[in-house]
There are 2 protein chains.
Amino acid sequence: MSQVKIRNMEEFASVSGISRPTVSKYFNDPDSVRPSTRAKIEAALETYEYRPNIFAVNQNRKQTKTVGILVPYLADPVFAEFARNIEQRCVELGYRPTIFSSHGVQQTENDILDNLLALKPAGALLAPLGRESDVAAVRAFCDEVPTVLFDSNIADTGLAFCGMDNPQFTRLIVEYLCRSGQPPCFFEMKTPANPNARKRRQSYLEAMRTLGFEPQVFSVAGEGWHFEEIGRQGGHKVLTSGEMRTNTVLCSNDRLAIGFITACYELGMSVGRAEGCAIRVAGQDDHPFSRYTCPPLTTIAQDYDTVSKHAVATLFRAIEGEEFPYEVNLFEGKLVMRDSA
Amino acid sequence: MSQVKIRNMEEFASVSGISRPTVSKYFNDPDSVRPSTRAKIEAALETYEYRPNIFAVNQNRKQTKTVGILVPYLADPVFAEFARNIEQRCVELGYRPTIFSSHGVQQTENDILDNLLALKPAGALLAPLGRESDVAAVRAFCDEVPTVLFDSNIADTGLAFCGMDNPQFTRLIVEYLCRSGQPPCFFEMKTPANPNARKRRQSYLEAMRTLGFEPQVFSVAGEGWHFEEIGRQGGHKVLTSGEMRTNTVLCSNDRLAIGFITACYELGMSVGRAEGCAIRVAGQDDHPFSRYTCPPLTTIAQDYDTVSKHAVATLFRAIEGEEFPYEVNLFEGKLVMRDSA
DNA sequence: ATAATTTCTTTACGCGCGATAATTTATTAG
DNA sequence: CTAATAAATTATCGCGCGTAAAGAAATTAT
């Protein structure tokens with residue numbers, strides 16, 4: 001490694017013995033130059049430290065190598081896992097992903113979309129806030145940037161949506177709960193942030209009716225993204241109300257279930273499918289922490305990997321110029337039987 | 001809002017009736033122009049949509065408004081919380097934070113530092129991987145960019161370090177455990193990624209000796225960042241080994257404790273400080289989920305807010321030109337008494 | 001070998017803005 | 001009202017690179 005500092009592409013071109021426009025072509029696509037010149041450039045790259053100035057590159061190219069990743073709440077391990085997974089795939093494809101979190105706030109989501117737009121990204125992968133989203137703002141963004149939505153759908157927005165097959169999710173676990181014990185009641189937030197929650201409620205009702213059982217829904221108060229606390233406090237209310245007509249609770253998602261189990265503990269109720277337990281609790285999502293609740297949580301596993309993979313693949317089809325109609329890709333979940341139900 | 005699209009600062013200057021250099025000055029610092037011209041510019045800003053091209057700005061300014069935030073593992077809610085907190089503070093100060101995660105991998109950490117360098121950030125806030133970090137690479141980065149380290153310290157690197165006062169943390173909870181029941185043994189990973197873990201072990205030994213008790217340390221195998229699973233499997237080994245000379249376990253951190261409690265559950269051992277419980281378990285960090293374990297976890301609360309605040313404040317002192325010697329700022333934790341110990 | 005084709009070089013311009021110097025205009029002090 | 005000061009204007013350059021056109025050189029095909 002030479003001590004000579006290369007200041008720009010001009011200098012690098014001269015030490016590599018290739019003209020600047022050709023070097024520029026090389027950095028744009030190494031395969032676009034003759035193998036012999038490519039070798040020369042890469043030899044120089046071994047000797048001298050040089051990388052094109054990213055700001056100059058991005059200013060002049062119409063399309064950057066940036067990919068925006070936006071999740072509604074990064075402190076939720078479900079979304080941290082999505083972000084990590086998607087990020088890695090983008091890196092592998094030679095792009096520069098940037099992760100943003102709306103922190104559950106519409107204004108923040110809008111600000112991020114606005115800032116992201118200024119970065120002229122090649123594409124974006126968005127998990128919108130859901131109910132809190134400014135639909136017009138998200139649509140406006142999608143009109144400018146190739147975008148794939150995931151997790152939380154906004155109809156006909158962006159190139160495609162990749163998410164869960166909520167009816168399948170809920171039907172699967174409702175059927176399991178019904179055949180292994182008492183039919184479940186449904187525990188949810190009254191005004192859920194995420195549209196998946198509404199679909200799951202719907203799917204619960206349908207599944208119960210199909211199976212010939214009377215559904216019972218508990219919608220508890222609570223705003224924001226502190227689901228565990230909402231689940232805990234709501235759990236206390238429901239459990240002490242005496243209104244539960246069953247010993248089995250299906251929670252709208254795992255984080256609510258985690259809080260609900262805490263409530264059970266605090267009320268001295270034993271949770272589990274084992275004999276002698278007072279109550280069975282199940283969740284939906286397979287949250288990373290669900291394996292470690294006491295008892296471990298029975299739930300439906302969302303396949304982060306498949307959803308991420310498909311979302312990224314769809315985006316890059318578009319980035320690489322393919323045209324295709326709007327898609328909705330829903331993926332099935334798998335039952336994860338643990339001890340809580 | 002006019003329909004005329006403003007393409008650059010030149011055009012915006014002309015529609016606002018102000019010369020381009022003055023407009024440029026305004027965007028650099030709105031207070032640097034006369035109030036009357038500022039008003040004119042802001043009036044135009046109401047009518048026309050224009051924002052300076054961020055790439056052109058960053059190319060020409062020696063210093064950008066970017067701030068890099070790097071954490072070792074974003075899927076760990078402790079770091080998600082840090083990242084969120086720091087991010088928000090930077091936004092409030094008018095900067096553009098960008099969050100990165102090393103995902104526990106040295107090469108990733110190095111790549112991120114490398115990429116970050118190319119973004120000419122005004123500063124960076126790094127929580128290094130710890131044992132896995134390439135110290136030379138981190139130091140090299142710190143030589144180029146004003147950097148404050150947090151959470152995990154690398155001696156004499158960067159402008160300052162902000163983190164926990166591990167001796168105080170551990171002493172506090174050891175004292176509590178000793179006066180409220182049997183003195184604790186210490187449960188940790190054999191080769192912890194994070195240097196805090198080593199200090200906590202040390203501090204445990206000292207605290208126990210000071211109090212006149214015989215320490216006992218269990219170092220369990222396990223690599224990586226899946227602490228809950230390591231805690232669970234290690235917990236099984238320790239609990240079934242018959243080597244524990246006490247009914248109280250202090251875990252090196254909350255995530256290990258969460259896994260340990262799961263192991264207790266799986267072995268049918270009741271956890272808690274209540275009478276009749278088989279074992280007491282305590283953690284350290286006040287992980288966001290610790291409130292929801294069964295029983296809720298007694299732990300030492302790390303003050304994310306204060307650490308973040310201090311780290312950001314220190315960085316911006318440097319960004320704004322102040323010179324000061326290398327600092328180490330350690331913050332005390334508070335005992336959070338819940339039911340597990 | 002010659003022609004056809006591909007690739008490279010040279011030259012030149014443009015992107016959008018920061019920065020500077022010299023000049024003009026507006027504001028404030030006396 | 002004039003001088004002193006502050007602020008805005010005009011003009012001009014530079015940043016580092018993308019890109020286009022025209023011609024030279026190297027490669028491939030015939």
Side-chain angles (χ1 to χ4, degrees), chain A residues 4-45 48-66 94 96 115 117-122, chain B residues 4-45 48-66 94 96 115 117-122:
Chain A
V4 187
K5 285 276 170 189
I6 303 293
R7 314 186 132 269
N8 53 39
M9 197 180 277
E10 190 76 52
E11 288 187 18
F12 177 75
S14 80
V15 299
S16 65
I18 303 290
S19 71
R20 189 180 70 76
T22 305
V23 170
S24 171
K25 249 190 115 188
Y26 166 84
F27 280 109
N28 210 336
D29 175 12
D31 284 324
S32 68
V33 301
R34 203 184 298 153
S36 61
T37 65
R38 178 173 175 170
K40 280 190 204 169
I41 292 172
E42 287 174 350
L45 230 33
Y48 302 92
E49 200 167 343
Y50 169 71
R51 282 169 56 178
N53 180 303
I54 192 164
F55 300 116
V57 170
N58 283 348
Q59 177 174 20
N60 293 303
R61 259 215 275 276
K62 280 161 197 168
Q63 180 144 304
T64 69
K65 286 281 187 182
T66 303
R96 305 172 50 97
N115 284 323
L117 208 56
L119 295 176
K120 293 191 286 186
Chain B
V4 187
K5 285 276 171 190
I6 302 294
R7 315 185 129 270
N8 52 40
M9 196 179 277
E10 189 77 53
E11 287 187 18
F12 177 75
S14 81
V15 298
S16 64
I18 302 291
S19 72
R20 190 179 68 78
T22 304
V23 171
S24 172
K25 250 189 113 188
Y26 165 84
F27 279 109
N28 210 335
D29 174 11
D31 285 323
S32 66
V33 301
R34 200 183 301 156
S36 59
T37 67
R38 176 171 177 173
K40 281 189 204 170
I41 292 173
E42 287 173 350
L45 229 33
Y48 302 92
E49 198 166 345
Y50 170 72
R51 283 169 55 179
N53 180 303
I54 193 165
F55 300 116
V57 171
N58 284 348
Q59 177 175 21
N60 292 305
R61 261 214 274 276
K62 282 163 197 166
Q63 182 151 301
T64 69
K65 287 279 187 183
T66 303
R96 303 172 51 96
N115 284 323
L117 207 56
L119 295 177
K120 293 192 286 186

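Source: prediction; values computed, not measured. Chain identifiers are assigned alphabetically (A, B, ...) following the order of the sequence lines, protein sequences preceding nucleic acid strands; residue numbering begins at 1 within each chain. Side chains are part of it too, since the values below use all heavy atoms of this structure and drop only hydrogens, waters and symmetry mates.
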### Query
According to the salt bridge (Lys or Arg N to Asp or Glu O under 4.0 Å) rule, which pairs have a member within residues 51-63 of chain B, sequence neighbours left out?
A/D114-B/R51

### Task
Rounded to the nearest angstrom, tell me the gap between atom CD1 in A/I54 and atom P in D/dG18.
11 Å

### Message
Just so I know, are the side chains of B/V23 and B/I41 near enough to count as touching, which here means a heavy-atom distance under 4.5 Å?
### Response
yes

#### Entry: Close side-chain approach of A/L45 to A/Y48, heavy-atom, < 4.5 Å
no

### Task
Side-chain contact test, heavy atoms from C-beta onward, threshold under 4.5 Å: evaluate it for A/F27 versus A/M9 and give yes or no.
yes

### Query
In whole Å, what is the span from the CD1 atom of A/I41 to the C1' atom of C/dT7?
12 Å

### Task
By nearest nucleotide on DNA chain D, pick out whichever of B/S19 and B/N60 is the more 5' one.
B/S19

### Query
Cut-off 3.5 Å, side chains only: do A/E42 and A/Y26 have a donor facing an acceptor?
yes

## Note on the structure
From the candidates C/dT9, D/dA8, C/dG18, the one with an atom nearest any side-chain atom of A/I18 is C/dT9

### Query
With respect to the side chain of B/Q59, which nucleotide from D/dG18, D/dA20, D/dC15 is positioned closest?
D/dC15

### Message
Treating B/N28 as the side-chain partner and B/S24 as the backbone partner, does any N or O pair qualify as donor plus acceptor under 3.5 Å?
### Response
no

### Query
Below 4.5 Å, heavy atoms only, C-beta onward: do A/V33 and A/T22 meet side chain to side chain?
yes

#### Entry: Residues from residues 27-37 of chain B lying under 4.0 Å of DNA chain D - heavy atoms
B/V33, B/R34, B/T37

## Note on the structure
Whole-Å distance, B/K120 NZ to C/dG18 P, equals 12 Å

### Task
Round to a whole Å and report the spacing from CG of B/N58 to P of C/dC17.
12 Å

### Message
By the 4.0 Å heavy-atom rule, please label B/S24 as base, sugar-phosphate, or nothing.
### Response
sugar-phosphate

### Query
Separation of B/R61 atom CZ from C/dA19 atom C1', in whole Å?
12 Å

### Task
Have a look at B/Y26 and say if it touches a base, only the backbone sugar-phosphate, or nothing, with a 4.0 Å heavy-atom cut-off.
nothing

### Query
For A/T22 and C/dT9, is the shortest distance between a side-chain N/O and OP1 or OP2 below 4.0 Å?
yes

### Query
Taking CG from A/N8 and C1' from D/dC15, how many angstroms apart are they, rounded to a whole number?
9 Å

### Task
Under a 3.5 Å limit for both distances, which nucleotide forms a Watson-Crick or G-U wobble pair with C/dT7, could you say?
D/dA24

### Message
In whole Å, I'd like the distance from the CE atom of A/M9 to the C1' atom of C/dT9.
### Response
16 Å

### Task
Look at the side chain of A/R20 and the base of D/dG16, then say whether one donor and one acceptor between them are separated by less than 3.5 Å.
no

### Message
Closest-nucleotide mapping onto DNA chain C: is A/K25 or B/N53 further toward the 5' terminus? I mean the 5' end.
### Response
A/K25

### Task
Quick one: list whatever passes side-chain contact (heavy atoms from CB on, under 4.5 Å) with A/P21, sequence neighbours left out.
A/S19

### Query
Just how far, in rounded Å, is P of D/dG14 from CD of A/E10?
14 Å

### Query
Reckon B/Y50 touches a base, only the sugar-phosphate, or nothing at all at heavy-atom distances under 4.0 Å?
sugar-phosphate

### Task
Just compare D/dG18, C/dC17, D/dT10 and give me whichever is closest to any side-chain atom of B/P52.
C/dC17

